[in-house]
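Structure record follows, encoded as C-alpha cells.
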Amino acid sequence: MRVWNGGVSDLIYILLTLMCFTGLALLVGLIDRRLGSAEAAADDVPAADETAGVNVPHDNFIPGAAR
Amino acid sequence: MNAILAAVLQILGLVGALAFSVPLLGRYLAHIYTSPKHLRAEAVAYRALKVDAEADQHWRSYAMSALGFSLAGILFLFAFGRLQNLLPLDGGFDPLPSDGAWNTAVSFVTNTNWQWYSGEAATGHLIQMAGLAVQNFVSAAVGLSVAAAFARGLARTRNQGRIGNFWVDLVRTTVRVLLPVAFVVAIVLVAAGAVQNLHSVHEMTTLTGGGQALTGGPVASQEAIKELGTNGGGFYNANSAHPFENPSPFTNLLEIWAILVLPFSMAWAFGLIVKDKRQGGAVVATMGTLLIVGITLLTWAEMAGPGTAPQVAGAAMEGKETRFGEAATALFAAATTGTSTGAVNGMHESLTAPGGGVAMFGMMLGEIAPGGVGSGLYGMLMLAVVTVFLCGLMVGRTPEYLGKKISRDEMVLVAVYILTTPILVLVGAAIALTAPAGLAGLSTDGPHGLSEALYAVTSAANNNGSAFAGITSGTPFWNTLLGMLMLLGRFVPMIFVLALAGRFATANRLPANSGTLPTHRPLFIGLLTGVALVVVGLTFVPALMLGPIVESLS
C-alpha cells in the first residue's frame, strides 16, 4: 500500500527539488568564491614568474613526487 | 552461420559504420560549437527566451543557466505526470503517484531515464511526446553543451572564466544536431518496421483463440532520440527487445550505432575545438579500447562463460534477444552500459554473473567508453587531467594538459569530481541494503540480491537507467533514493566540470617543451586507460566481490 499520495506528498517533492537545487546553487557560489580568491592571489604574481620555471625539473616542488 | 563469426561480423560492421560517420559528425559538431553565426530559427528562439546570444558567460552563469533550465524541466514534468489524466491523449491512465512522478521527472531531466513503470501501461501519448521525448532532446543537449564549454575552456586563454553561452549551445545542439539526426533515424526505423501512430490499444485474437492487447503510439520518433541522446527510456516496458521498437537485426545494429555515434563524435569534435586533432583521436582511441574490452568480455561471458546454460546450450539464452542471438544482446548491453543509455534488448538480470559484473563495471567507469552524450567526453577529460598529474608526480615536473598548468586548485576540482559518484553509489547501496524498505524491493537475497541493489544505485548515480529488472523499484523508498542519486549524480559533477572549464579559460597556455608529456601518443592512451581501470577498480572491487564475483565463483 502506498504511504504517500495527494497534495502533501506533491509539496514534499517540490520542496525536496527546490532544496537540492538551492544546494547546487550554493555549491556554485562556494566554488566561485574560492576560485576567485585563488585567481586574485595568482594575479599578484608577476606574469614572468608564472611560467618561467614551469617544466623545469625540481623547481616546482610537488609533495610526494618521485625524485 | 557460426555464432562466433556472426558476432565478429556484427562488431566489424558497427566499427566500420562508426569509423565512417564519427569524423563527419565530429567536424559538424566542432563547427556548431565554434561558429559565430546564428540560424534564423535560432534567433527567434533567443528572442522568445529573451537571451542575449552574443553574451559570453562566465562559468558561474553557465552553470546557473544549466541548473535553472533543468529545475524548470523537473517541475514541468512532475506536474505533467501528476495531471496526465486531465490532459488529452492520456490513454485512460491515472496520474502517476507523487513519488513516481518525481522519480520520472528527475530521471528524464538528468538523462538517466530510469523507469519504475511500464511505459505502455502507465503513460499516455501526450506525456510521451510533449514531456518525456522533449526531455530526451534537451537533457542530451545540456550534456553536449557542457562538454563543448569544457573544450572551449581548454581552447581559450586569459578569458576571465568565460566559456560560451549555455542558451546558444542548448538551442544549436537541439536544432542543428539532435532534431535532424533523430528525424532521419526515425524515418529509417519506420521504414524498417517500427511503429509510429497515435493509436491506443488494439485487441487481437491469436491463432489459438486467445486475446492479446497491442499498444500503438509514437514509438519510432521516441526510439530515435532514445538512442541518439543516450537516454534509454523505452516506449514499451520490454524496451528494445520489443519488436515494435526494434523490429529486425538491421534496426538492432542501427540502434547500437545511434547509441555510440554522438559520444564518439563529440570526442572527435573536442580535438578540432582545441585545434589539435590528435588530442581528439587519443580520446576516441581510449574510449574505443575500453569499449572493445567490454564487448569482448561480455560476449565471452554470455556465450562461453561459467554456468550450465552457456556450457551446454552454447549461450545463456534465458531473458535474451532470441530473435537476433546472444551476441546481439551482449553487444547491446556493452554499448548501453559503456554509454549512459540504459536501453536494453534483453534483460540484464539474466546476464551471467560475470556478464552482469562487466555491465556494472562499464557504468562504474563513469560511463566513459564512450560515455553519455557530452558527459562521456568530460568524464574522460577529467581522467586525462588525473593521468598527467600522476605522470607529473612520477617525474617531478609541474603537470599540464594542453598547455594548461594543473595546480592544486585544478586537482581539488578533479578529485571531488572523481569522488562524487562513488560516494553516491556506495552510500546509496549501503542505505538500500540496510533499510527494510530497500530489502523489500529485491527479488532474492544472497550475492544476486546484492547485485540487484548495487546495479540499481550504480545505474542511477551514473545516469544510466538500465536495471536488473527483478528489483521492484516502484515504491516511495526506491523512487526517492534513486531520484536523489540521479539528481546529485548528474549536477554535482557537472558543476565541478564547469568550474574547471572556467579555471582553464582564465589560465595562460604554456608552450610545449621537452618536458611536456605528449597527450596524443599511444603511451598516453595506455596510461589513461590504465588510470581509468585502476581508479574504478580500487573504488568498486570490494562491492563487486560481494555481488557478481562471488556469484561467478559459487
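A note on names: the letters A, B, ... follow the listed sequences, proteins ahead of strands, and every chain is numbered from 1. Treat the numbers as computed from the prediction; the structure is a model and nothing was measured.
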Part of [X] within contact of chain A (heavy atom distance under 4.5 Å):
X         : answer
Leu390(B) : neither
Ala499(B) : both
Leu67(B)  : both
Phe491(B) : both
Leu75(B)  : side chain
Met484(B) : side chain

Would you sort out whether Phe21(A) and Leu487(B) count as a side chain to side chain contact (heavy atoms under 4.5 Å, CB included), showing the intermediate values?
CA-CA 9 Å; Phe21(A) 276 89; Leu487(B) 202 152; 4.1 Å; yes
Quick check for you: to the nearest 0.5 Å, what is the distance between Leu35(A) atom CG and Trp59(B) atom CH2?
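CH2 of Trp59(B) is found 6.5 Å from CG of Leu35(A).
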To the nearest 0.5 angstrom, please state how far the CD1 atom of Ile14(A) sits from the CD1 atom of Ile74(B).
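One finds 12.0 Å between CD1 of Ile14(A) and CD1 of Ile74(B).
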Side chain to side chain contact (heavy atoms under 4.5 Å, CB included) between Leu413(B) and Ile31(A), worked out:
CA-CA 9 Å; Leu413(B) 289 171; Ile31(A) 297 171; 4.0 Å; yes
Does anything in residues 102-112 of chain B form a salt bridge (Lys or Arg N to Asp or Glu O under 4.0 Å)? List the pairs, not counting sequence neighbours.
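Counting only pairs at least two positions apart or across chains, no salt bridge (Lys or Arg N to Asp or Glu O under 4.0 Å) contact touches residues 102-112 of chain B.
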Can you tell which of Asp99(B), Asn479(B), Thr480(B) makes a side chain to side chain donor-acceptor pair (under 3.5 Å) with Tyr13(A)?
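Checked Asp99(B), Asn479(B), Thr480(B) against Tyr13(A); only one passes side chain to side chain donor-acceptor pair (under 3.5 Å): Thr480(B).
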Identify which of Leu18(A), Leu24(A), Leu16(A) forms the greatest number of heavy-atom pairs closer than 4.5 Å to chain B.
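Of the options given, most contacts go to Leu24(A).
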